[in-house]
Amino acid sequence: MPEFQTSPGMRDVLPPESARWRRFVRTFDETVSAAGYGQVVPPLLEDIGVFHRVGEATDVVTKEMYDFVDKGERHVALRPEQTASVCRAFVQHRPATPWKVWYAGPNFRYEKPQRGRYRQFDQVGIEVLGPDDPLLDVEVIALGWRFFQRLGLRQVTLMVNSLGEPDDRARFVAALHAHFETNIERLTPESRVTLAKNPLRVLDSKRPEDATVIATAPRIADFLGETARRSFSAVCDGLRALDIPFVVNDRLVRGLDYYRLTTFEFVGGTLDSAQNALGGGGRYDGLVEDLGGPDTPGIGFALGLDRTLLACDAEGVFASPASRVDVFVVDTTGGLNALLLTDQLRENGIRADRAYENRSMKSQMKAADRSGAVVAVIIGPDEAESGTVVVRPLRDGGEQSSVSRSDLTNTLKRVLS
RNA sequence: GUGGGCGUAGCUCAGUCGGUUAGAGCGUCAGGUUGUGGCCCUGAAGGCCGGGGGUUCGAAUCCCCUCGUUCACCCCA
């Protein structure tokens with residue numbers, strides 16, 4: 001056991017998995033860039049106050065933040081999510097609206113690690129600030145859906161709900177609170193604690209003992225005002241118009257406090273663990289204002305990279321690409337020729353690798369095979385003498401041939417095309 | 001944070017009732033083939049049996065602590 005290992009909840013992403021991560025982000029980039037979103041890269045570190053505005057009642061902010069006082073006596077925190085940072089950036093720079101941005105990167109939450117739940121975890125996401133239009137909600141949800149489709153995922157369930165406008169939500173929470181209070185003796189002790197902090201989240205309890213009380217709890221749908229109702233049905237109509245399947249789940253309560261009106265979640269069908277939420281988001285009108293900016297509507301989502309990749313594994317899609325080179329140079333003259341040849345090939349746009357330590361030809365040929373190269377370029381004493389190299393196909397049979405070094409690049413380009 | 005499972009080679013795992021030198025497959029390296037990969041054969045390297053303490057003549061094996069991981073709760077992506 002090595003003396004040093006990654007801290008709990010932290011891990012190394014090694015090749016070839018790292019290549020898959022890059023492709024994941026690139027696929028997301030392509031999906032949302034084509035919809036007019038530009039990338040924003042907020043810092044990992046923010047004044048802790050930025051995140052406190054996200055909600056005083058969420059564990060993410062109250063219990064799970066990596067926060068510390070820096071050498072300048074500033075109380076800062078590693079970001080637990082990126083929506084707050086994006087809104088802070090909006091307030092700070094005041095870009096023209098609609099401001100459509102995407103991001104990708106790590107977040108930090110001090111939780112007990114589990115598969116699909118790490119202390120440093122990556123998310124990709126988008127945010128749109130400015131427009132107050134349910135059809136924008138539809139666009140945002142649709143982009144998330146399309147992205148999952150592009151990855152090849154089939155078993156993703158889209159759940160949508162409306163939390164109503166702040167007044168609706170407040171009345172709903174009050175009714176919920178009353179309902180749970182009157183049935184408090186039938187709630188688990190854990191849920192009683194949750195009730196005191198955030199009645200909404202009691203709906204999230206997975207303890208079977210709570211199920212009956214939750215089942216009879218008030219429904220948000222009965223508390224939506226005219227505005228929220230119209231908005232929500234516009235969202236549902238829009239999704240139907242795009243042929244995007246969804247289920248309305250009026251028990252869907254998102255974790256962060258800032259959500260209003262439309263909320264949604266993408267749930268993986270193949271992950272039967274508790275970590276099956278691949279991503280989620282919603283409208284958060286009011287967050288920009290809370291951060292000291294003008295009253296600005298906003299909506300967005302974040303998707304968990306790890307969990308989504310786990311779902312891809314379960315469905316056997318979006319496999320990690322095999323990293324390979326085109327050509328492998330085998331040099332039994334000591335290695336200097338391999339140095340020169342690989343450099344020459346790379347400068348001509350041919351991906352080339354080689355072996356080191358002047359190993360035997362057999363050993364180098366094995367390495368050539370493992371490299372995935374299409375052809376081996378072999379140089380030994382005879383070739384060095386005559387200014388030639390041997391070009392040997394590795395994949396589809398074919399005879400090896402001798403070519404002069406000056407013709408090598410052109411020969412290879414022909415063979416590889 | 002609470003509770004349960006599991007930690008043996010780089011990886012996946014055997015290891016009987018506590019018994020003498022801890023094994024296999026894969027992978028790696030070398031050889032069989034003095035200039036040629038895959039398949040096959042042979043060999044080698046590689047282990048503080050997660051760590052610490054205890055019980056015992058003797059511990060990978062039993063007990064305690066600890067660390068890591070995993071599952072559920074919790075939380076959430």
Task: Proximity of A/Phe147 and A/Phe24 rings by center, below 6.0 Å - done: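 Yes - the distance between ring centres of A/Phe147 and A/Phe24 falls below the 6.0 Å cut-off.
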Nearest-angstrom distance, [atom1] atom, [N] to [M]:
{"N": "B/U33", "M": "B/G15", "atom1": "C1'", "value": "39 Å"}
{"N": "B/G5", "M": "B/G47", "atom1": "C1'", "value": "25 Å"}
{"N": "B/G54", "M": "B/C13", "atom1": "P", "value": "33 Å"}
{"N": "B/G7", "M": "B/G50", "atom1": "C1'", "value": "6 Å"}
{"N": "B/G46", "M": "B/A30", "atom1": "C1'", "value": "14 Å"}
{"N": "B/C67", "M": "B/G52", "atom1": "P", "value": "15 Å"}
{"N": "B/G68", "M": "B/C74", "atom1": "P", "value": "24 Å"}
{"N": "B/G18", "M": "B/U56", "atom1": "C1'", "value": "9 Å"}

With respect to the phosphate group of [N], does any side-chain polar atom (N or O) of [X] fall under 4.0 Å of OP1 or OP2?
{"X": "A/Arg109", "N": "B/C75", "result": "no"}
{"X": "A/Arg370", "N": "B/C29", "result": "yes"}
{"X": "A/Ser363", "N": "B/G37", "result": "no"}
{"X": "A/Arg395", "N": "B/G38", "result": "no"}
{"X": "A/Gln114", "N": "B/A72", "result": "yes"}
{"X": "A/Ser360", "N": "B/A30", "result": "no"}
{"X": "A/Thr308", "N": "B/A77", "result": "no"}
{"X": "A/Arg359", "N": "B/A30", "result": "yes"}
{"X": "A/Arg207", "N": "B/C74", "result": "yes"}

Open item on the list: Less than 4.5 Å apart, side chain to side chain, heavy atoms only: is that true for A/Val202 and A/Asp210?
Closed with: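 The answer is no, as the side chains (C-beta and beyond) never meet within the 4.5 Å cut-off.
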Taking any strand in view, what nucleotide pairs with [N] in a Watson-Crick or G-U wobble way, both distances under 3.5 Å?
{"N": "B/C13", "value": "B/G23"}
{"N": "B/C49", "value": "none"}
{"N": "B/A60", "value": "none"}
{"N": "B/G68", "value": "B/C6"}
{"N": "B/G43", "value": "B/C29"}
{"N": "B/C73", "value": "B/G1"}

Just compare [options] and give me whichever is closest to any side-chain atom of [X].
{"X": "A/Arg201", "options": "B/C76, B/U36, B/G38", "value": "B/C76"}
{"X": "A/Arg117", "options": "B/G38, B/C75, B/C76", "value": "B/C75"}
{"X": "A/Arg115", "options": "B/G32, B/C71, B/A77", "value": "B/C71"}
{"X": "A/Gln400", "options": "B/C73, B/U36, B/A77", "value": "B/U36"}
{"X": "A/Glu111", "options": "B/C75, B/G32, B/U36", "value": "B/C75"}

For [X] and [N], give me the distance from atom [atom1] to atom [atom2], rounded to whole Å.
{"X": "A/Gln5", "N": "B/U69", "atom1": "CD", "atom2": "C1'", "answer": "10 Å"}
{"X": "A/Glu209", "N": "B/C73", "atom1": "CD", "atom2": "P", "answer": "11 Å"}
{"X": "A/Phe264", "N": "B/C76", "atom1": "CZ", "atom2": "C1'", "answer": "15 Å"}
{"X": "A/Leu310", "N": "B/U70", "atom1": "CG", "atom2": "C1'", "answer": "13 Å"}
{"X": "A/Tyr66", "N": "B/C75", "atom1": "OH", "atom2": "P", "answer": "19 Å"}
{"X": "A/Asp210", "N": "B/C75", "atom1": "CG", "atom2": "P", "answer": "11 Å"}
{"X": "A/Tyr356", "N": "B/U28", "atom1": "OH", "atom2": "C1'", "answer": "18 Å"}
{"X": "A/Lys366", "N": "B/G31", "atom1": "NZ", "atom2": "C1'", "answer": "9 Å"}

Open item on the list: Quiz question: going by heavy-atom distance under 3.5 Å, is there a donor-acceptor pair between the base of B/U2 and the side chain of A/Lys112?
Closed with: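 Side chain to base: pair present.
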Open item on the list: By nearest heavy atom, map A/Gly9 and A/Ser191 onto RNA chain B; which one lands nearer the 5' end?
Closed with: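 Looking at the nearest nucleotide for each, A/Gly9 comes out on the 5' side.
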Open item on the list: If you assign A/Ile378 and A/Pro113 each to the RNA chain B nucleotide with the nearest heavy atom, which residue ends up on the more 5' nucleotide?
Closed with: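 First, find each residue's nearest nucleotide; the 5'-ward one identifies A/Ile378.
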Under 4.0 Å between any heavy atoms, over every strand shown, what does [X] touch: base, sugar-phosphate, or nothing? Just pick one.
{"X": "A/Pro8", "answer": "sugar-phosphate"}
{"X": "A/Asp122", "answer": "nothing"}
{"X": "A/Leu303", "answer": "nothing"}
{"X": "A/Gly125", "answer": "nothing"}
{"X": "A/Glu64", "answer": "sugar-phosphate"}
{"X": "A/Glu383", "answer": "base"}
{"X": "A/Lys63", "answer": "nothing"}
{"X": "A/Tyr118", "answer": "base"}

TODO: Would you give the length of the straight line joining atom CD of A/Glu383 to atom OG1 of A/Thr332, rounded to the nearest 0.5 angstrom?
DONE: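 Here the interatomic distance stands at 7.5 Å.
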Task: Whether A/Asp285 side chain and A/Gly298 backbone form a donor-acceptor pair below 3.5 Å - done: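 Confirmed, A/Asp285 side chain pairs with A/Gly298 backbone.
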Open item on the list: Can you tell me how the ring of A/Phe108 sits relative to the ring of A/Tyr66, calling it parallel under 30°, perpendicular over 60° and tilted otherwise?
Closed with: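 Taking A/Tyr66 first and then A/Phe108, their aromatic rings stand perpendicular (interplane angle over 60°).
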TODO: Could you tell me whether A/Arg186 atom CZ has more than 12 heavy atoms of other residues or ligands within 6.0 Å of it?
DONE: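 Correct, the count exceeds 12.
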TODO: Evaluate whether atom CD of A/Glu385 has more than 12 neighbouring non-hydrogen atoms of other residues, nucleotides or ligands under 6.0 angstrom away.
DONE: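 No.
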- [ ] Determine the sole option in A/Leu200, A/Leu261, A/Ile220, A/Leu224 for which the side chain to side chain contact (heavy atoms under 4.5 Å, CB included) test with A/Arg169 is passed.
- [x]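 Only one of A/Leu200, A/Leu261, A/Ile220, A/Leu224 forms a side chain to side chain contact (heavy atoms under 4.5 Å, CB included) with A/Arg169, namely A/Leu200.
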Task: A/Phe318 six-ring centre to A/Arg23 NZ/CZ under 6.0 Å and within 45° of normal - done: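 Geometry flag: set, cation within 6.0 Å and 45°.
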Open item on the list: Within 45 degrees of the ring normal and closer than 6.0 Å to the centroid, is that where the cationic atom of A/Arg119 sits relative to A/Tyr110?
Closed with: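 The answer is yes; both the distance and angle limits are met.
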